[in-house]
**Student:** 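Mind looking over this structure? Questions follow.
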Amino acid sequence: MKRFSSNITDEELFCLFREAAEHYNPKLNDSEKLGAWESIANSLLAEQGRHRSPASNKWKKRCLALLMVWLITGGLAVFRIIQLQESNKQYALDAARPKLVLYPPAGIVQLLATGPVLHKTKSVQKKNDVAPINRQREKIRAVVPLHVMAEREGFEPPEAFNSTDPDVKKKAVPDNCFNNNYPDTATRQHPQMTDSCTAETTPALPPKQKKKSPPSRKWQIGLVTGLEWNKVKRSCDGRTGLTYGLTIQYRFAPRWSVETGILVVPKLYTSKEWHYGTISVLSELKSVEGDCRTIDLPLNIRYDILQQHKSRLFSSAGISSYFMQKEDYTFNFDNFGTPSKTYKTVYNKNRHLFSIVNVAAGYERVWNRFSLQAAPYLKIPLKVIGEGNIELSSAGVLFSLKYNY
Amino acid sequence: MPKETSLITILDGCKSNSPKYQKELYDTFCGYAFAICMRYTRDRGKALEIMNDGFVKAFQGLHQFLYPAEEGRLSSSFRNWLKKIMIYTAIDYYRSGSREVQSLDLVDEEKNIGSTNSTAYAEDQLSYKELILMIQMLSPSYRTVFNLYVIDGFSHEEIARILGISVSTSRSNLAKAKEHLRNLLKKTYESTLAKFSS
């Protein structure tokens, strides 16, 4: 160290103290060192706990959002099931509806027993006068047995009916005079018998239901492309990137399917934050521009809300895992008025399993084995991702060309 | 100075919040950090507080520390980064209003200067510790400006922005700090001469 004097210059003074600062090495005794470390460790634990609790609240919010999606999808499914049950019930009721049964009065019974009698008078009989009776007889052949009819109507069957001679009896009882659809006695009806009676005796057919053919092909493989817009929470700027990939879908129920795939997604964003925690000291950082090549592995459940022969309207929800292949960051600093940039690249470091919630809805148009699909979607992060530990939300639309087999 | 590879391991471990590596980093750089904090405050206990807060901020913001591209510069780069954190933490303490008693009565402290406890001591030499003690004896405003300008290399404009004062105030405080230090050096030199001439 230089000898000093009262005329020491500023520069010498500065050198003196700079040298002192450079070589000054105060010793911490063991108790001070240990006590200081305990204080630091406790502060770190407290800080981690503080950061964890808002994250746990955010976790709860994300779970609630996912639950809402599932409830809506499940509600639609239940609604559809109830609709189907109602239509089935209606069908069953229609099937069980009583048929109109013709119970001919005694005159017609006589006629049946003896056969049709043509009245040969000029003013009365025309050929078609016989036809209604014959038609009725044909119909009657399809209904109640004569003896049952007689018992219920309270008339005596013709004597020929009780004859032991089979030929006589055969003449008395029309052929095939049995009802395959014997109605319930409580609900039978007795229409008045007239010449022009055309009581319905055939069972009513259930109303014709529009039969929607369920999709028979269970597997779908598709090529996917789309646009995705990314935004960091508390940051105003969002950036857009192009997505592409491959998806596989398996239909395990008429309206339910599970979908997975692999998507290459560039996560482009601008953030004003870069942290685990914050440092008020390092306030020179103005912004961070991120360009992250990410592999997205989604696992979604899809429900077809509307299914037509050639089109489907669906909603889906699920969860994604991100594998960050390459992360390029540009840091923009303001070094006390002087802008500067620094760059950082990270390779294959950050992986976030089941960290993003997917929500989507879309429309699919089917041609034979091929289909085209458009599905806007939303991706909600369940935790921070990437080297900068940021909450990155995404929204976009995916277009798929699928092959069904 | 720790080895480059081991420092990378320690820093990576700290980034993943491993207590073991955090303790190791603290043990490696606590002396360096404490020395910086001792320049900004007169009280040893206060210096420990500043150091603790500085380390907490360093651990929390370690993800912001960018490894330099050139080999062999990691240790110096990290020391500079840590130094900046300690300085800003000390300034936060200064601005928070935890003022020390601004006493210009330096008689008691002056007695510590030139004491027989100093190790690297010769006829006309002062130990580094005593010089730092002189800095500590300055009033907080003078001491802060002197440290920032002379030892830590900030300009008056930067000091004015950091401390929230005008540039002229910064220059004025520095001038007064220099004057006080010259007086202290002179007194110390004279007392040393008197001791050895008697």
Side-chain angles (χ1 to χ4, degrees), chain A residues 1-11 13-28 32-33 35-48 51 273-285 288 329 331 335-337 342-344 349 387-389, chain B residues 15 17 19 22-23 26-27 30-32 34-36 38-39 44 47-49 51-64 66-67 84-85 87-89 92 120 122 124-132 134-135 146-147 149-152 155 157-158 161 178 181-182 185-186 189:
Chain A
M1 223 189 306
K2 280 191 175 181
R3 188 188 186 104
F4 56 84
S5 67
S6 58
N7 295 325
I8 186 171
T9 63
D10 281 352
E11 199 51 46
L13 186 74
F14 293 166
C15 284
L16 187 68
F17 284 98
R18 281 181 194 140
E19 192 180 337
E22 194 179 326
H23 291 92
Y24 177 55
N25 188 18
K27 298 292 182 198
L28 284 164
E32 281 177 332
K33 206 170 178 180
W37 170 247
E38 281 177 4
S39 173
I40 291 167
N42 290 336
S43 300
L44 286 172
L45 281 172
E47 200 64 29
Q48 283 174 12
H51 279 285
E273 295 171 345
W274 172 269
H275 61 279
Y276 174 77
T278 54
I279 289 189
S280 61
V281 170
L282 300 179
S283 57
E284 306 105 346
L285 182 66
V288 181
Y329 298 104
F331 300 89
N335 192 13
F336 296 104
T342 310
Y343 306 92
K344 180 175 183 179
K349 182 182 172 186
E387 188 69 8
N389 293 309
Chain B
K15 284 182 182 182
N17 294 322
Q22 286 174 339
K23 177 77 165 48
Y26 167 76
D27 289 336
C30 66
Y32 172 71
F34 187 59
I36 297 168
M38 282 290 282
R39 288 192 280 113
R44 192 178 176 88
L48 280 170
E49 273 183 48
M51 185 188 74
N52 292 346
D53 283 352
F55 265 107
V56 169
K57 288 177 183 176
F59 286 129
Q60 288 173 347
L62 202 54
H63 293 80
Q64 299 192 36
L66 307 172
Y67 294 179
K84 197 182 273 190
I85 291 176
I87 290 169
Y88 277 103
T89 309
D92 286 344
D124 56 355
Q125 283 185 344
L126 284 173
S127 66
Y128 300 124
K129 179 184 171 182
E130 287 162 338
L131 287 169
I132 299 300
M134 287 185 193
I135 297 175
F146 184 84
N147 275 314
Y149 184 84
V150 174
I151 300 173
D152 297 318
S155 66
E157 289 74 21
E158 291 168 345
R161 197 178 304 130
K178 284 189 295 185
L181 288 172
R182 279 201 177 93
L185 282 170
K186 185 179 173 184
Y189 177 63

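The chains referred to below are lettered A, B, ... by the order of the sequence lines, with proteins before strands, and numbering in each begins at 1. It should be emphasised that the depicted structure is a prediction, and the values quoted were computed from it without experimental measurement.
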**Student:** Which heavy atom of B:Tyr26 sits nearest a heavy atom of A:Lys33, and at what distance?
**Tutor:** OH-O, 3.0 Å
**Student:** Given a strict heavy-atom distance threshold of 4.5 Å, which part of B:Tyr67 is in contact with chain A: side chain, backbone, both, or neither?
**Tutor:** neither
**Student:** Looking at every non-hydrogen atom in both residues, tell me the closest pair between A:Asp10 and B:Lys178 and how far apart they are.
**Tutor:**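 That would be OD2-NZ, 2.8 Å.
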**Student:** Give the minimum heavy-atom separation between A:Trp37 and B:Pro19, together with the two atoms involved.
**Tutor:**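 Smallest heavy-atom distance, with atoms named: CZ2-O, 4.0 Å.
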**Student:** Give me the atom names and distance for the closest heavy-atom approach of A:Leu44 to B:Gln60.
**Tutor:** CD2-CG, 4.3 Å
**Student:** Just so I know, are the side chains of B:Tyr128 and A:Glu22 near enough to count as touching, which here means a heavy-atom distance under 4.5 Å?
**Tutor:**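 When only atoms from C-beta onward are counted, A:Glu22 and B:Tyr128 do not touch, as no gap falls below 4.5 Å.
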**Student:** Shortest non-hydrogen contact from A:Leu28 to B:Arg44?
**Tutor:**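 Looks like CA-NH2, 4.2 Å.
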**Student:** Please look at A:Ala41 and chain B and tell me whether the side chain, the backbone, both or neither of the residue comes under 4.5 angstrom of a heavy atom of that chain.
**Tutor:** neither
**Student:** Given a strict heavy-atom distance threshold of 4.5 Å, which part of B:Lys23 is in contact with chain A: side chain, backbone, both, or neither?
**Tutor:**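 Both the backbone and the side chain of B:Lys23 come within 4.5 Å of chain A.
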**Student:** Chain A: which of B:Ser155, B:Ala35, B:Cys30 shares the most heavy-atom pairs with it under 4.5 Å?
**Tutor:**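 Counting heavy-atom pairs under 4.5 Å, the top option is B:Ala35.
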**Student:** Checking B:Leu48 against chain A: side chain, backbone, both or neither under 4.5 Å from a heavy atom?
**Tutor:**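 Side chain only.
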**Student:** Hey, which of B:Asn52, B:Ile151, B:Ile36, B:Val56 has the most heavy atom pairs under 4.5 Å with chain A?
**Tutor:**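 The residue among B:Asn52, B:Ile151, B:Ile36, B:Val56 with the greatest pair count is B:Asn52.
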**Student:** What's the separation between atom CG in B:Leu181 and atom CG in A:Leu16, rounded to the nearest 0.5 Å?
**Tutor:** 9.5 Å
**Student:** side-chain contact (heavy atoms from CB on, under 4.5 Å) for B:Ile132 and A:His23? Distances and angles first, verdict last.
**Tutor:** CA-CA 10 Å; B:Ile132 299 300; A:His23 291 92; over 6 Å; no
**Student:** So for A:Leu13, is it side chain, backbone, both, or neither that comes closer than 4.5 Å to the heavy atoms of chain B?
**Tutor:**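 For A:Leu13, side-chain heavy atoms alone lie under 4.5 Å from chain B.
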**Student:** Quick check on the interface: out of B:Phe34, B:Phe146, B:Phe55, who has the most heavy-atom pairs with chain A under 4.5 Å?
**Tutor:** B:Phe34
